[in-house]
Amino acid sequence: MNAQFDLTNASRAPKPIPDMDLGLKSLMEEIRQNDSLPAPPPENVFVGDGDYRAIGAEYLGHFIRLGGLLPSESVLDIGCGIGRMAVPLTQYLDPETALYEGVDPVNAGIEWCVQNITASYPNFRFCRVDVAHELYNPGGAIAGDEIVLPFSDAKFDFVTMVSVATHLPEGEISAYAREVMRLLKPGGRLFLTAFVVAAGDPDRQAARPRFTRGKTPGTWYGDPSAPLGAIGFDAGIIEDILTKAGLQIRRLSLGHWRGIASDHYQDVIIAVKPE
């Protein structure tokens, strides 16, 4: 059972598709077991650990249940990596009406996605954005706090940022939030994962990672020797960043990284661009 709490205006949260549990579980299981779907060799999965298809299928379920993603909607996947989220979406998004765009700074992942996903699913497109990151793209030409994504205004119904804010400083998250606000259609949703560190979380024996205070106020590091390997923020900081960008917080669903029962590891924030 998810550990969730709703914020002030959560009564207007996007509604997951009703009574889809049985069909969705069946689809997720098909994706997990479908060996014909694209999957990179294990040594090439450079973003994230764990089973490639199983984690992708899990997040498809979260996109639908928590974010209300519909098969007809246009999706922007920020930090698409090597297509872990894209592959299961090929089995859900309508090829006639839906569009998927994936962006990432690591060229090897983008090339793999173009060759192995776009070749079979032409409504799935990928492009590299040469944004600098000290771990993933240290020689990048674009500063993270100056990011401008190559898409027109109000193009997308749904934007995902899975395991992106967990590797960025506050200023860069703000830059992405402004871009998300620009790129979403009115009523469109952002699905963002983060480590939202509330009082008592760092002291839980079962917490993974076990965060320690960072140098910047409000930040927490999973490993102080590599701060952007896993960065968390005091509760309210990311929510405030999104609100300042013009988005409205609809839901915060707590993850099991802190040692509680939950269907997902990182915390999930759903934010909406006002109509």
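Note that the structure is a prediction, hence the values are computed from the model and not measured. Reckoned from all heavy atoms, side chains included, excluding hydrogens, waters and symmetry mates.
Taken from CD in Glu179 to CG in Leu190, the straight-line distance is 12.5 Å, to the nearest 0.5 Å. For the atom pair OG (Ser152) and CZ (Arg182), the distance works out to 7.5 Å, reported to the nearest 0.5 Å. We find the CD1-OG distance between Ile270 and Ser253 to be 8.5 Å, quoted to the nearest 0.5 Å. A distance of 12.5 Å separates CD in Glu172 from NE2 in His167, rounded to the nearest 0.5 Å. Note that CG of Asn34 is 11.5 Å distant from CD of Glu29, once rounded to the nearest 0.5 Å. Taking NE2 from His256 and CG from Asp263, the interatomic distance works out to 8.5 Å, rounded to the nearest 0.5 Å.
Residues Ala271 and Ile249 approach most closely at CB-CD1, 4.1 Å, considering heavy atoms. Counting all heavy atoms, side chain and backbone alike, Pro150 lies closest to Val129 at CD-CG2, 4.1 Å. Nearest heavy-atom pair across Tyr92 and Pro71 is OH-CD, 3.3 Å. Between Ala57 and Pro88, the shortest heavy-atom contact is N-CG, 4.0 Å. Of all non-hydrogen atoms in Thr193 and Ala165, the two that sit nearest each other are O-CB, 3.7 Å. The shortest non-hydrogen separation linking Ile241 to Glu170 is CD1-CG, 3.5 Å.
Identified under the ring pair (Phe, Tyr, Trp, His ring centres under 6.0 Å) test for residues 95-114, with sequence neighbours left out: Tyr100-Phe124, Tyr100-Phe126.
Taking the side chain as every heavy atom from C-beta outward, Val196 and Phe233 never approach each other to under 4.5 Å. In this structure, Tyr176 and Val131 have side chains that are in contact, with non-hydrogen atoms separated by less than 4.5 Å. Annotation: side chain of Val164 is not in contact with side chain of Leu192 (no heavy-atom distance under 4.5 Å). Between Leu37 and Arg53, the closest side-chain pair of non-hydrogen atoms falls below 4.5 Å. Proximity of Leu76 to Val180: side-chain heavy atoms (C-beta onward) are nowhere separated by under 4.5 Å. Using a 4.5 Å heavy-atom cutoff, the side chains of Phe156 and Lys273 are not in contact. Side-chain contact between Tyr52 and Pro40: present, with at least one pair of heavy atoms (C-beta onward) separated by less than 4.5 Å. Within the 4.5 Å cutoff, no side-chain heavy atoms of Arg128 are placed close to those of Asp104.
Listed by chain and number, the residues in a side chain to side chain contact (heavy atoms under 4.5 Å, CB included) with Pro274 are Met181, Gln248 (sequence neighbours excluded). Take Ala143 and apply the side chain to side chain contact (heavy atoms under 4.5 Å, CB included) test, not counting sequence neighbours, and it matches Asp145, Glu146. With sequence neighbours excluded, the residues satisfying side chain to side chain contact (heavy atoms under 4.5 Å, CB included) with Ala98 are Leu93.
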field: Audit row: Glu239, Leu242, side chain to side chain contact (heavy atoms under 4.5 Å, CB included) steps and yes/no
entry: CA-CA 5 Å; Glu239 298 94 312; Leu242 300 178; 5.9 Å; no

message: Apply side chain to side chain contact (heavy atoms under 4.5 Å, CB included) to residues Ser174 and Lys244 and explain how you reach the verdict.
response: CA-CA 9 Å; Ser174 296; Lys244 286 181 177 177; over 6 Å; no

- request: Run the numbers on Leu60 and Leu27 for side chain to side chain contact (heavy atoms under 4.5 Å, CB included), then give the verdict.
  value: CA-CA 10 Å; Leu60 174 62; Leu27 174 60; 3.9 Å; yes

message: If you apply the rule side chain to side chain contact (heavy atoms under 4.5 Å, CB included), what do you find for Lys185 with Ser74, and how did you get there?
response: CA-CA 10 Å; Lys185 299 175 184 178; Ser74 54; 3.9 Å; yes

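In the hydrophobic clustering (ILVMFWY side chains linked at under 4.5 Å, chained through shared members), Phe211 is joined by Phe195, Val197, Trp220, Trp257, Tyr265.
A donor-acceptor contact shorter than 3.5 Å links the side chain of Asp201 to the backbone of Ala198. A donor-acceptor pair is defined here as one N or O able to donate and one able to accept, closer than 3.5 Å; no such pair exists between the side chain of Arg258 and the backbone of Pro209. With Ser262 contributing its side chain and His264 its backbone, the two residues share a donor-acceptor pair below 3.5 Å. In this structure, the side chain of Asn123 does not engage the main chain of Leu99 through any donor-acceptor pair within 3.5 Å. Between the side chain of Arg210 and the main chain of Pro202, a donor-acceptor pair closer than 3.5 Å is present. A side-chain donor-acceptor contact under 3.5 Å links Asp130 to the backbone of Ala141. Side-chain atoms of Arg250 never come within 3.5 Å of backbone atoms of Val272 as a donor-acceptor pair (strictly under, hydrogens ignored).
Applying the side-chain contact (heavy atoms from CB on, under 4.5 Å) test between Leu89 and each of Leu69, Asp77, Ile31, Ile117 identifies Leu69 as the sole match. Of the residues Leu247, Asp153, Asp157, the one that meets the side-chain contact (heavy atoms from CB on, under 4.5 Å) test with Leu184 is Leu247.
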Enumerate donor-acceptor pairs with a distance under 3.5 Å from any side-chain N or O in residues 223-232 to protein atoms, sequence neighbours excluded.
unit_1, atom_1, unit_2, atom_2, d
Asp223, OD1, Ser225, N, 3.0
Asp223, OD1, Ser225, OG, 2.7
Asp223, OD2, Ser225, OG, 3.1

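The pair Arg251-Asp267 does not count as a salt bridge, with every side-chain nitrogen at least 4.0 angstrom from each carboxylate oxygen.
If you chain together hydrophobic residues whose side chains sit under 4.5 Å apart, Leu168 and Val148 never meet in one group.
Of the N and O atoms on the side chains of Gln115 and Glu111, not one donor lies less than 3.5 Å from an acceptor on the other residue.
In this structure, His62 and Tyr59 have perpendicular ring planes: the angle between them is above 60°, well past the 30° mark.
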